[in-house]
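Proteins come first, then strands; the chains are lettered A, B, ... in the order of their sequence lines, and each starts at number 1.
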Amino acid sequence: MTAVAPAPAPPSGSPPPPSGSADMAAQVARRVLYFAISRGPLVVFAALLVYLSLESEFFLEWRNIKSILRQSAPDAILASGLAVVVMAGGDDVVVGGIDISIPAAATMGVGLIADQLVGGTPLFWAYLLGALAILGVGVVNAFLVVYVKLTPLLATLATLVASVGMYKWAINNRRITVLENDFVNEVRDGDFLGLPIPALITLGTLVLVGGIAHRTRFGIRMQAVGGNRSAAEIAGLRPGGYVAASFILASFCGVIASIVLISRGSGISPGIEERLLVDMVLATFVGAAFSPRRVVTVPGAVAGAILVKALGNGFQLIQVDLFQIGMIKGVLILVVVASSALVGRLRQ
Amino acid sequence: MSGRAFGLTFLSRYGFLVVFLGFFIFFATQSDAFLNTSNLVNILEGNTILLVAALGMTLVVASGGIDLSIGIAIDFGGWLAIVAMMDHDVAWPLAIVVGVIVGAAVGAFNSFLIVWLGVSPFLATLGTFFIGGSIQQIYTSGGGQVPFRQMPTGYQELATGETWGIPNEILIGAVVLFVFYVLLERSIYGKRIHAIGLQPSAAAVAGINVRAYLWMTFVVASATASVGGIISTAGLRQFTPLAGFSYLLDAIAAVFIGASMHPQQRPNVGGTLVGVLFLGMVSNGLNLMGLDFNFRDALEGLVLVGAIALAVSQRRLPGRVGSPA
């Protein structure tokens, strides 16, 4: 692309070379402003957490923190997967990388596992079946995006609708309760080394998926493809393979999430995928606030999921109306993204 | 051009129409009721709200954005129109104006975030989505319906009445369709929107006031979607909070199906119409086949995946105008 960008107009009050004390003051003021805006989201988050802990003694109790970690696990794991797809496809949502089918695929897996467990299938085979179904969605996404060349949004929208339809049909759109399954219960209630098992699974996902995406040669190349596809291609990379891998890695996150989800819900309640979808997207993009360059990262996505749950939990503890929590989430997104947009403008 | 090459060109460009026709014939053979005039009218009538929402979305996607808050504009438009009549005794034609203005205000909020603050459309409209949903829950005690049984007949007939023997819903849909066709496909305004969507910096260099056009785009899209909400409340004689969300994914699907038919894969009004009709037809046809409710949903999803993949993969056929290298 050889777009002719208009020369950016110098921002009002842009610092000339420091010569006098007035200029120095202006520059210092600018620095302070830049710092305030660039650290704005983190400052807002920190202030909210402090406020909540002052208002409710229970908020920072270990028991409550454990419950936040437990509740945020599915969102954190799903958001890790979405982060990988966004990193490989670029963050333009209309034509770039996005995978809105992960929560639906994971829910489909949960439905199949629950159905099989209740039907008496041994644990291993039930979970394997679920995992294969979820990975199947990832493969279809990769095929549709890389080979058929559908925009990721449309491709994953189509597989989302298909996954939801298929699992509702498979389990007749009913609640299935998995009772007295030791493994399911252990993942739900168990602790290991003092940490809830879902939190450890989240940590494991972070290390594995985050490690692949941020610490391996493959991951760095994948980010190069997402950052500038034509440059990556000229440098000799084959973008298709990396994009395909990102969708499969995302569905792998769906597999892990399904293990946590079936335990959290002691089975399946059809329809959980909708809430998971919005929370996954929210966590992933709020997580960008944690990265120095304001980009989507795996650790950021995990932190975003925990943060969003912590705030929701805190506001519930101080008895904020449940209906207002959506408002808080909306304002959160806007604080994060508006500040990163302003940072971009200040940098010019 | 040889016959074979012509055939391939035709198929690559109109592949989706062939798929569409195939399904149409299939459903006609599966159910006697499908081809009844009343059923076909039903398909048109039942998808007016989706059509107007999808047209708004077409405009936004053509400008290079996306609007996840289209459902909020649908909800607010219908809701505030009803509230105006119920609680403030506003005459029904004026209530429609109120609804559309409220819809436009939702769009203006998006524009503020996107154009003024520089937030990406996806995240800005996602924020609007959360905030708008929360406002509805707060004021309806968690999503309780707002019934309006003594609705003025004039308002109610927007959805249930007929003019010259044609259902009003279809007429409204046709008018909005025509306006969008002229706006996006036949006017300089539309050319500029497409230019902005393709290459914003080039459009700016060419002297287009990109910011003003983007402002307009989101406002017009939301105002249009609110018309859908008004029709919905008129038909149901009540407002159901958060109901607009159900149109979001279908509207996106319709726009992208339509874009897949365009030589340069651009969103376009005619394509969106075909997309909406396809979604409506598949849903209606599967329904008439008397399949199990859950199985139908599953099949609908698979048809969507298959049909889109098939239509788009025809791009790879030789002879496609503007086919990607």
Mind checking which of residues 279-287 of chain B sit less than 4.5 Å from chain A, heavy atom to heavy atom?
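Against chain A, none of the residues of residues 279-287 of chain B fall inside the cut-off of heavy atoms under 4.5 Å.
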
Between A:A170, A:G165, A:A155, who has the most heavy-atom pairs with chain B when the cutoff is under 4.5 Å?
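Looking at each of A:A170, A:G165, A:A155 in turn, A:G165 comes out on top.
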
Heavy-atom pairs under 4.5 Å with chain B: which of A:V161, A:L157, A:L160, A:V281 has the most?
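Winner by heavy-atom pair count: A:L157.
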
Apply side chain to side chain contact (heavy atoms under 4.5 Å, CB included) to the pair A:K309 and A:D279, showing each step before the final yes or no.
CA-CA 9 Å; A:K309 269 289 181 298; A:D279 282 349; 3.8 Å; yes

When you measure from the side chain of B:N47 to the backbone of B:L50, do you find a donor-acceptor pair of N or O atoms at a distance under 3.5 Å?
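Answer holds: no.
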
When you measure from the side chain of A:R174 to the backbone of A:I171, do you find a donor-acceptor pair of N or O atoms at a distance under 3.5 Å?
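A pair under 3.5 Å: yes.
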
Among side-chain atoms of A:S251 and A:N141, is any donor-acceptor pair under 3.5 angstrom?
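Checked: A:S251/A:N141 side chains show no N/O donor-acceptor pair below 3.5 Å.
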
Sequence neighbours excluded, which residues qualify as side-chain contact (heavy atoms from CB on, under 4.5 Å) partners of A:V139?
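With sequence neighbours excluded, A:V139 shows a side-chain contact (heavy atoms from CB on, under 4.5 Å) to A:I248, given in chain and number order.
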
Run the side-chain donor-acceptor check on residues 268-278 of chain A: report pairs under 3.5 Å with partners two or more places apart or on a different chain.
unit_1: A:S269; atom_1: OG; unit_2: A:R175; atom_2: NH1; d: 2.8
unit_1: A:E273; atom_1: OE1; unit_2: A:Y167; atom_2: OH; d: 2.7
unit_1: A:E273; atom_1: OE1; unit_2: A:G271; atom_2: N; d: 3.4

Could you check, using the six-membered ring where one of them is a Trp, whether B:F122 and A:F285 have ring centers closer than 6.0 angstrom?
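Yes, ring centres under 6.0 Å apart.
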
Go through the atoms of B:L126 and report whether side chain, backbone, both or neither lie under 4.5 Å from a heavy atom of chain A.
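Both parts, backbone and side chain.
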
Using the test salt bridge (charged side-chain N to carboxylate O under 4.0 Å, His left out), find all partners of A:K168 that sit at least two apart in sequence or belong to another chain.
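Once residues adjacent in sequence are excluded, A:K168 has no partner under the salt bridge (charged side-chain N to carboxylate O under 4.0 Å, His left out) criterion.
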
Interchain contact, A:V331 with chain B, by part (heavy-atom threshold 4.5 Å):
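Answer is both: backbone and side chain atoms of A:V331 are under 4.5 Å from chain B.
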
